[in-house]
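Just so you know, these numbers use all the heavy atoms, side chains as well, and skip hydrogens, waters and symmetry mates.
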Amino acid sequence: MRQPLHYPWLNFDVDAVQAPAIAVRVEPTETRAEVAAHWHRKGQLVFALGGGVTCRVPSGLWMVPPHCGVWIPGGMEHSNIATANARIFFVYIEPAAAELPDRCCTLSISPLLRELIIELADSVQDEQARDELLIKTLLTELPRMPVQQLHLPISSEPRLSRIATALSQNPADRSTLAEWAKRVALSESSLARLVVKETGLSFGRWRQQLHLIVAIRELASGATVQQVSGDLGYGSVTAFITMFKKALGKPPAKYLGSIAHNGGSAFTA
């Protein structure tokens, strides 16, 4: 059973806070911690300083690797699941306070922006003038961050939703397209066309995206490459590393290391 993430205040209503932007440090306390599906007027940046966070929105799953952030526009329903070792910051921004995308996306987070978020989250209440300067700089810097993508498109189409749920629960399932088609009462060609129509990806590429999301989340939480390879159903560690490197340009260890070193600029997907 997943446990809730803990906010620093009880009965925290983010929309009641009168500020162009606020930052909150959130501490996971269990093996898997979760913020249940909800929405608010303010937009939200989910930023992971360490560990891994997965954001779910109606259109897909978004992975937040260390030193990167996922932007969720205001009014969009979403949930967040964090690994136990995650060091998470939520940054809430008033609509129109900054020119940010009107869609969910992954943003690289520069070292400067990272420090601004940490300072704002840890500032004390009597430092209003300093906070205003931090907020102004943050709102200037955030729209300049490169937009990256590492997400799994999810369709509301019932048959694809069923497949996505099953694969999320058991990513090691290596059933073929024909086998999945039989389960959802479609021909193989019809399912192939449906996946492309609804997600923009072939079935193989779509499943690979899910594997990448799971792999980065688990590797960021401390799992070994061998463990992740087995959990995803790969016949060998070499096959998993080859897939990872082909998709993201670097093997797992170098990919995660470059994210931590460069403040998020390692994204290639």
If you measure from [atom1] on [X] to [atom2] on [Y], what distance do you get to the nearest 0.5 Å?
| X | Y | atom1 | atom2 | answer |
| --- | --- | --- | --- | --- |
| L113 | L45 | CG | CG | 7.5 Å |
| L49 | R114 | CG | CZ | 7.0 Å |
| N170 | L167 | CG | CG | 8.0 Å |
| K254 | F244 | NZ | CZ | 13.0 Å |
| L152 | S59 | CG | OG | 10.0 Å |
| L248 | Y255 | CG | OH | 5.0 Å |

Grab the two heavy atoms, one from [X] and one from [Y], that are nearest each other, plus how far apart they are.
| X | Y | value |
| --- | --- | --- |
| G233 | A172 | N-CB, 3.7 Å |
| S155 | S161 | O-CB, 3.8 Å |
| I109 | G69 | CG1-N, 3.7 Å |
| L201 | Q209 | CD1-CG, 4.1 Å |
| A37 | S79 | N-CB, 3.7 Å |
| A247 | L212 | CB-CD1, 3.6 Å |

Does one hydrophobic cluster hold both [X] and [Y], with members joined at side-chain heavy-atom distances below 4.5 Å?
| X | Y | result |
| --- | --- | --- |
| I22 | L133 | no |
| L112 | W71 | yes |
| W39 | M76 | no |

Got a sec, which residues hit ring pair (Phe, Tyr, Trp, His ring centres under 6.0 Å) with H78, two or more places apart in sequence or on another chain?
->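 Testing H78 for ring pair (Phe, Tyr, Trp, His ring centres under 6.0 Å), a comparison that skips the adjacent residues, returns H38, H40.
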Would you say that [X] contacts [Y] through its side chain, given a criterion of any heavy-atom pair below 4.5 Å between the two side chains?
| X | Y | value |
| --- | --- | --- |
| I163 | V195 | no |
| I93 | V91 | yes |
| T176 | E179 | yes |
| I117 | E119 | no |
| V46 | I72 | yes |
| R41 | E94 | yes |
| I118 | R25 | yes |
| F240 | P252 | yes |

With distance as the sole test, does [X] use its side chain to make a donor-acceptor pair with the main-chain N or O of [Y] at under 3.5 Å?
| X | Y | result |
| --- | --- | --- |
| S229 | V225 | no |
| W206 | P153 | yes |
| K42 | V17 | yes |
| S190 | L186 | no |
| E157 | L160 | yes |

Determine, for Y234 and R174, whether the Lys NZ or Arg CZ falls below 6.0 Å from the six-membered ring centre while staying within 45 degrees of the axis.
-> yes
Qualifying residues under side-chain contact (heavy atoms from CB on, under 4.5 Å), relative to A166, sequence neighbours excluded | W180
Would you sort out whether V24 and V26 count as a side-chain contact (heavy atoms from CB on, under 4.5 Å), showing the intermediate values?
-> CA-CA 6 Å; V24 179; V26 183; 4.0 Å; yes
Full working for side-chain contact (heavy atoms from CB on, under 4.5 Å) between L191 and L177 = CA-CA 8 Å; L191 179 57; L177 180 63; 3.5 Å; yes
Would you call K182-E188 a salt bridge at under 4.0 Å N-O?
->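 No, K182 and E188 are not salt-bridged.
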Worked verdict on Q227 versus T224 for side-chain contact (heavy atoms from CB on, under 4.5 Å) | CA-CA 5 Å; Q227 289 172 328; T224 66; 3.1 Å; yes
Would you check if there is a donor-acceptor pair between the side chains of R183 and S175 at a distance under 3.5 Å?
-> yes
Would L107 and C68 count as a side-chain contact (heavy atoms from CB on, under 4.5 Å) if you check the C-alpha gap in whole Å, the side-chain angles of each, and the deciding distance to 0.1 Å?
-> CA-CA 6 Å; L107 298 174; C68 293; over 6 Å; no
